[in-house]
Novice: 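Supplied in structure tokens, the structure appears directly below.
Predicted model only: the values in this text are computed from it and were never measured. Proteins get letters first, then strands, A, B, ... in listed order; numbering begins at 1 in each. Both backbone and side-chain heavy atoms feed into the values below; hydrogens, waters and symmetry mates do not.
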Amino acid sequence: MNKTYDHKTLEKEIYVMWEKSGAFSPEGAKTLREQNGLRDSDNEFSGKPFSVLMPPPNANAPIHCGHATYSLQDILIRFKRMQGYDALYFPGTDHAGFETQYVYENKLKKEGKSRFDFDRETFFNDVLSFVNENSDIAINQLKLLGMSADWKRNTFMLDKKVVDTVYDTFIKMYKEGLIYREGYMVNYSTFYGTTFSDLETEYKDSVSPLYYVKYAIGVAPKKEGLPSYMTVATVRPETIYADVAIAVNPKDKRYKGFVGKEVINPLTNEKIPVIEDEYADIEFGTGCLKITPGHDFNDYKIGKKHGLKIISLISLDGRMNENAGETKGLFPAQARKKVVEILQEKGSIEKINDNYENRLLVDYKEGNVIEPMILPNWFINMDKLLDPVISAIEKNKVKFNLPEWKRDTLRWIKEKKPWPISRQTVFGIRIPAWYSVSENPNLQVTFLTNFKEYKTGKVSDLLKAGISLSEIKSGLQKVITTEDAKYVIQKDSPGDDFLQETDTFDTWFSSGQWPLTTTGFPDSGDFKKYYPTDFLDSGYDIMFFWIARMIMFGLYLTKEIPFKNVYFHGMVTGKDGRKMSKSKNNGVNPVEMIEKYGTDALRMGLIVGGNTEAKFSPFDEDKVRGYRNFANKIWNVGRFINQKIEESNLNIPDDLPDADLKPEELEFLKKLEILINEVTKDLDRYKFKLAGESIYDFIWNTLANDYLESIKSRDDVSAMFTLRRAFLTAIKLLHPFMPFVTEAVWQEIKKPKGESNFIIISKWPS
RNA sequence: GGGUGGUUAGCUCAGCUGGCUAGAGCGUCGCAUUGACAUUGCGGAGGUCAUAGGUUCAAGUCCUAUACUACCCACCA
């Protein structure tokens, strides 16, 4: 044995050894136990299933510190495997539709290309092969982390079994009337050409000019002395083209005489009504609010309430459309300038406040502006689907590790918002809806002609112009439908006359069914044995996106909650307690930490050094270094035992009766027994940190500093017997936390009969 | 505006069902040893547990309020 523990070589060798041994699958572990003479009949947990789902990381990206918390899942799996359970850790990776497409498009950009140069099928396949080329990145790094997942059971989010299940679920929901299609105001990013969910948008502080625009009164009010116009404050004058009303608060005495009258839209010269609505804030601006239902969420609500017309100004490519008068074809920012010029010429601008602080709606990803727009979208009516979820959570059928998680989850679910599930990305699972071209002559298609020309237009016009449907189909990029389009829902094309919906599913629609697809719903052996799973660990930031929806799908399709326990780990932050980010320069790359200190040290640093159960868990490299030293300590205790036995030529018996042991040895073993109970109990209630701390303290202080030091000069059998027994037991307890060094030492020490050759499948002490 | 967490040693944090003479790692100071391990050992300094009330035989732990701080949700035309 080397003087110091060499994590760099040994960790790699050991992982390969485990994989070869088959220990990661329950079947392989069973065989291995038998080969090692461990009888399952001795074990109360033998044959019982215990399963954990791995939250799928993106297939094509390196892991970050958040993924390193997967160690928790591995700790539990290793613990249960040693206890004798058929422990199964289901791994998988996500296609991460939007993220992946984004990365790939950036790559194209460097080559001077964009996704608009390709028909969607070609583009999809290009992205897919890009993913395939890189798909091992995440998996290999998870292996570096020591994950004892059964990789032969790996699932990829675009595997046929996943897509089939996703389609089956969608069709079932459709048949049961849970799916509907509706024009809906969505967060549309003209930059990405896709919609974002409410959860994927945020507000960004900004300073924008606030324009005070005068709207002339159409019919003069009866009272004398009233002004001949109303003034409205707005940061988006370009949307005046789509104004359909002016709202004032019913309590606002200033405008009593105006309600019910009409004003002139200063850009379109059309007459629009003055209405009353509580939403208009008397205090803000002039108290007059322009209502633009086509491009503002609140205005949309007010418009619906008052039965107002909805006018769209912006087309999907982000340019102003034919309703936008003189600004047609411009981007909104350009249109704003032009509109301001026009209004100034007309004398319609009363004043401009250049230092107005407002907040812009932007996407969470790059912070680009989001346009609220009306688009036909696919929805799930969540009303009835969420009732069983609420009741299951309220009745504690699924347990959360902390009560506040339960409260937060419930609060969100109870809003029961409809779920818009269509996304305008290419890389994803395409919605199985089909539009008949002959029945929907107004379908707008975008495609590449046989001569690779980018073309867009009404399908009926195109056909009349002599373009064949097959040409459209083979070059198809996008189908935009009207709200009343007729469609058929089924897996395969109903016939030559049909075009498939080009929208894809929200990734959470497929990952929400992850517990079903990984285990092989509805009839595989794994599904029958391992579903519902036992433990689900996740970051709390995706509890709405993911956890709530998995419970929903589980209850809907199987009447069972897909997991018995939900464990939310806190966010791993920099040592300064702030979210890791490049700009703050407080990020940590787990792979670098592994190189430097070893996987064992990293795992301990995160799980025991930090606290995964708190909302935030600061990552401290000093702690990782401390645990690297601990690994070395363990290695050297093993070395000591080996050397001592060899030097003194001792023949250590497999067992010794208590009567042959000295009182201090019995006392020491008594402490060990207490430790076993404590650790087992703590792991069973997911107190990973407490368990890890106890083992650390026992090995370093009680075992090494106290007991080992006290027997250093002795070379009798009972002292060494006791030390070896305690040490082997202690490293078994530690194995789930620090799998590599414990296995490495285990391999080096001569063990008593009845112990297996691998610590990974050794029997958990009791 | 609504909500949630945090506030304990210089730093990062434990302290789970009240029993604490308040702990750990790192840092710091002193000493020792090349003897399994310098990725070491021994020893020391360092805290009125944010503040103010309350419950209790007993409060870091439970309750109330306040302050500071972080985050989440909603949202300002």
Novice: Would you indicate which nucleotide in G41(B), G25(B), A77(B) comes nearest to any side-chain atom of N358(A)?
Specialist: A77(B)
Novice: Could you please name the option among G41(B), A36(B), C13(B) that lies closest to any side-chain atom of N611(A)?
Specialist: C13(B)
Novice: Take atom C1' in U4(B) and the same atom in A9(B), then report the distance between them in whole Å.
Specialist: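 My reading of the C1' atoms in U4(B) and A9(B) gives 28 Å.
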Novice: I need the CH2-C1' distance between W635(A) and U40(B), as an integer number of Å.
Specialist: 18 Å
Novice: Atom CH2 of W700(A) and atom C1' of A36(B): how far apart are they, to the nearest Å?
Specialist: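 For the pair W700(A) CH2 and A36(B) C1', the rounded distance is 13 Å.
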Novice: Thinking salt bridges, do E678(A) and K687(A) make one under a 4.0 Å N-O criterion?
Specialist: no
Novice: When you compare G46(B) with A22(B), how far apart are their P atoms, in angstrom units rounded to a whole number?
Specialist: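 After rounding to an integer number of Å, I get 13 Å for this pair.
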Novice: Taking H7(A) for its side chain and K12(A) for its backbone only, find out whether a donor-acceptor pair lies under 3.5 Å.
Specialist: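 Answer holds: no.
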Novice: Side-chain donor or acceptor of R359(A) under 3.5 Å from a matching atom on the base of C75(B)?
Specialist: yes
Novice: Quick one: on RNA chain B, does N701(A) or F619(A) contact a more 5' nucleotide (nearest heavy atom)?
Specialist: F619(A)
Novice: Quantified in whole Å, what is the C1' atom distance between nucleotide C29(B) and nucleotide A70(B)?
Specialist: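 Straight-line distance between the two C1' atoms is 35 Å.
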Novice: Counting side-chain heavy atoms from CB outward, which of A14(B), G41(B), A36(B) is closest to A614(A)?
Specialist: A14(B)
Novice: Checking all strands, does K290(A) fall into the base, sugar-phosphate, or nothing category for heavy-atom contacts under 4.0 angstrom?
Specialist: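 K290(A): no heavy atom of the nucleic acid under 4.0 Å.
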Novice: Nearest whole Å is fine: how far is C37(B) P from K644(A) NZ?
Specialist: 13 Å
Novice: M185(A) CE to C75(B) C1': how many Å, rounded?
Specialist: 16 Å
Novice: Does R603(A) use its side chain to pair, donor to acceptor, with the backbone of M738(A) at less than 3.5 Å?
Specialist: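 Here the side-chain-to-backbone pair does not exist.
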Novice: N705(A): what forms a side chain to side chain donor-acceptor pair (under 3.5 Å) with it, not counting sequence neighbours?
Specialist: none
Novice: Looking only at atom P, what distance separates U40(B) and C11(B), rounded to whole Å?
Specialist: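 Pairwise P distance, U40(B) against C11(B), rounds to 24 Å.
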Novice: What I want to check is whether an N or O donor and acceptor connect the side chain of K633(A) with the base of C37(B) at under 3.5 Å.
Specialist: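 In this structure, the two groups form a donor-acceptor pair.
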Novice: Just checking N636(A): base, sugar-phosphate only, or nothing, at a heavy-atom cut-off of under 4.0 Å?
Specialist: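 If one applies the 4.0 Å heavy-atom cut-off, N636(A) turns out to touch a base.
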Novice: In which ranges does RNA chain B form stems of 3 or more consecutive Watson-Crick or G-U pairs, distances under 3.5 Å?
Specialist: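 Listed by first number, the stems are B:1-7 with B:67-73, B:10-13 with B:23-26, B:28-32 with B:40-44, B:50-54 with B:62-66.
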Novice: Which of the following nucleotides, C37(B), U12(B), A36(B), is nearest to the side chain of L708(A)?
Specialist: A36(B)
Novice: What's the gap between U7(B) and U48(B) when it is taken at their C1' atoms, as a whole Å value?
Specialist: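 About 16 Å, rounded to a whole number of Å.
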Novice: Would you check, one step at a time, whether the test salt bridge (charged side-chain N to carboxylate O under 4.0 Å, His left out) holds for K712(A) with E709(A)?
Specialist: CA-CA 5 Å; K712(A) 234 173 194 178; E709(A) 291 296 330; 3.3 Å; yes
Novice: Let's see if you can work this out: which of A36(B), U39(B), C75(B) has an atom nearest to the side-chain heavy atoms of T4(A)?
Specialist: U39(B)
Novice: Would you indicate which nucleotide in C71(B), C13(B), G27(B) comes nearest to any side-chain atom of F616(A)?
Specialist: C71(B)
Novice: Looking only at atom P, what distance separates C26(B) and G41(B), rounded to whole Å?
Specialist: 9 Å
Novice: Base, sugar-phosphate or nothing for Y212(A)? Non-hydrogen atoms, less than 4.0 Å.
Specialist: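 Y212(A): no heavy atom of the nucleic acid under 4.0 Å.
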Novice: Is there a donor on the side chain of K712(A) or the base of A36(B) sitting less than 3.5 Å from an acceptor on the other?
Specialist: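 Under the 3.5 Å cut-off, the side chain and the base do form a donor-acceptor pair.
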Novice: In terms of the nearest nucleotide of RNA chain B, which residue is placed more toward the 5' end: A233(A) or N629(A)?
Specialist: N629(A)
Novice: Would you mind telling me which of C71(B), C37(B), A77(B) lies closest to the side-chain atoms of R639(A)?
Specialist: C37(B)
Novice: Can you list every salt bridge (charged side-chain N to carboxylate O under 4.0 Å, His left out) pair that touches residues 301-310 of chain A, not counting sequence neighbours?
Specialist: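 Only D277(A)-K305(A) qualify under salt bridge (charged side-chain N to carboxylate O under 4.0 Å, His left out).
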Novice: Describe the nucleic acid contact of V232(A) in one word from base, sugar-phosphate, nothing, applying a heavy-atom distance below 4.0 Å.
Specialist: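 It contacts nothing in the nucleic acid.
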Novice: Is the distance between the ring centroids of F535(A) and Y686(A) less than 6.0 Å?
Specialist: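 Yes.
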Novice: Rounded to the nearest angstrom, tell me the gap between atom CD1 in I370(A) and atom P in C75(B).
Specialist: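 For the pair I370(A) CD1 and C75(B) P, the rounded distance is 14 Å.
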Novice: Roughly, in whole Å, what's the span from CG in D715(A) to C1' in A36(B)?
Specialist: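 Atom CG in D715(A) sits about 15 Å away from atom C1' in A36(B).
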Novice: Tell me which nucleotide among G41(B), C75(B), U39(B) gets nearest to the side chain of R628(A).
Specialist: U39(B)
Novice: Which residues satisfy the salt bridge (charged side-chain N to carboxylate O under 4.0 Å, His left out) test with D363(A), sequence neighbours excluded?
Specialist: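 Applying salt bridge (charged side-chain N to carboxylate O under 4.0 Å, His left out) to D363(A) gives none.
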Novice: Given the P atoms of U17(B) and A77(B), what is the spacing between them in whole Å?
Specialist: 46 Å
Novice: Verify the contact: side-chain N or O of N705(A) to OP1 or OP2 of G41(B), cut-off strictly under 4.0 Å; return yes or no.
Specialist: yes
Novice: Would you please indicate if the ring centroids of F640(A) and F727(A) are separated by under 6.0 Å?
Specialist: no
Novice: So does E647(A) reach the base of A36(B) with its side chain, donor to acceptor, closer than 3.5 Å?
Specialist: no
Novice: Can the ring centres of F668(A) and Y707(A) be said to be less than 6.0 Å apart?
Specialist: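 Distance test on ring centres: under 6.0 Å, yes.
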Novice: In whole angstrom, what separates K623(A)'s NZ from A14(B)'s P?
Specialist: 8 Å
Novice: Partners of K689(A) by salt bridge (charged side-chain N to carboxylate O under 4.0 Å, His left out), sequence neighbours excluded?
Specialist: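 Salt bridge (charged side-chain N to carboxylate O under 4.0 Å, His left out) list for K689(A), sorted by chain: E693(A).
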Novice: Over how many whole Å does the gap from I641(A) atom CD1 to A36(B) atom C1' extend?
Specialist: 9 Å
Novice: Using atom P in both nucleotides, what's the gap between A14(B) and A50(B) to the nearest angstrom?
Specialist: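 The same atom, P, in both gives a distance of 14 Å.
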Novice: For G570(A), report the nucleic acid contact type (base, sugar-phosphate, nothing); a contact means any heavy atom under 4.0 Å.
Specialist: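 Counting heavy atoms under 4.0 Å across all strands, no contact is made by G570(A).
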Novice: So what does F630(A) hit on the nucleic acid, given a heavy-atom distance under 4.0 Å: a base, only sugar-phosphate, or nothing?
Specialist: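 No contact at all - F630(A) keeps every heavy atom at 4.0 Å or more from the nucleic acid.
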Novice: Sub-3.5 Å donor-acceptor pair from the side chain of R639(A) to the main-chain atoms of V745(A), do we have one?
Specialist: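 Looks like no, no N/O pair under 3.5 Å.
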Novice: Evaluate whether atom CD of E394(A) has more than 12 neighbouring non-hydrogen atoms of other residues, nucleotides or ligands under 6.0 angstrom away.
Specialist: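 For E394(A), atom CD is crowded (more than 12 foreign heavy atoms under 6.0 Å).
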Novice: With the threshold set at under 4.0 Å for non-hydrogen atoms, list the residues of residues 681-699 of chain A touching RNA chain B in residue-number order.
Specialist: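 R685(A), K689(A), L690(A), E693(A), Y696(A), in order of number.
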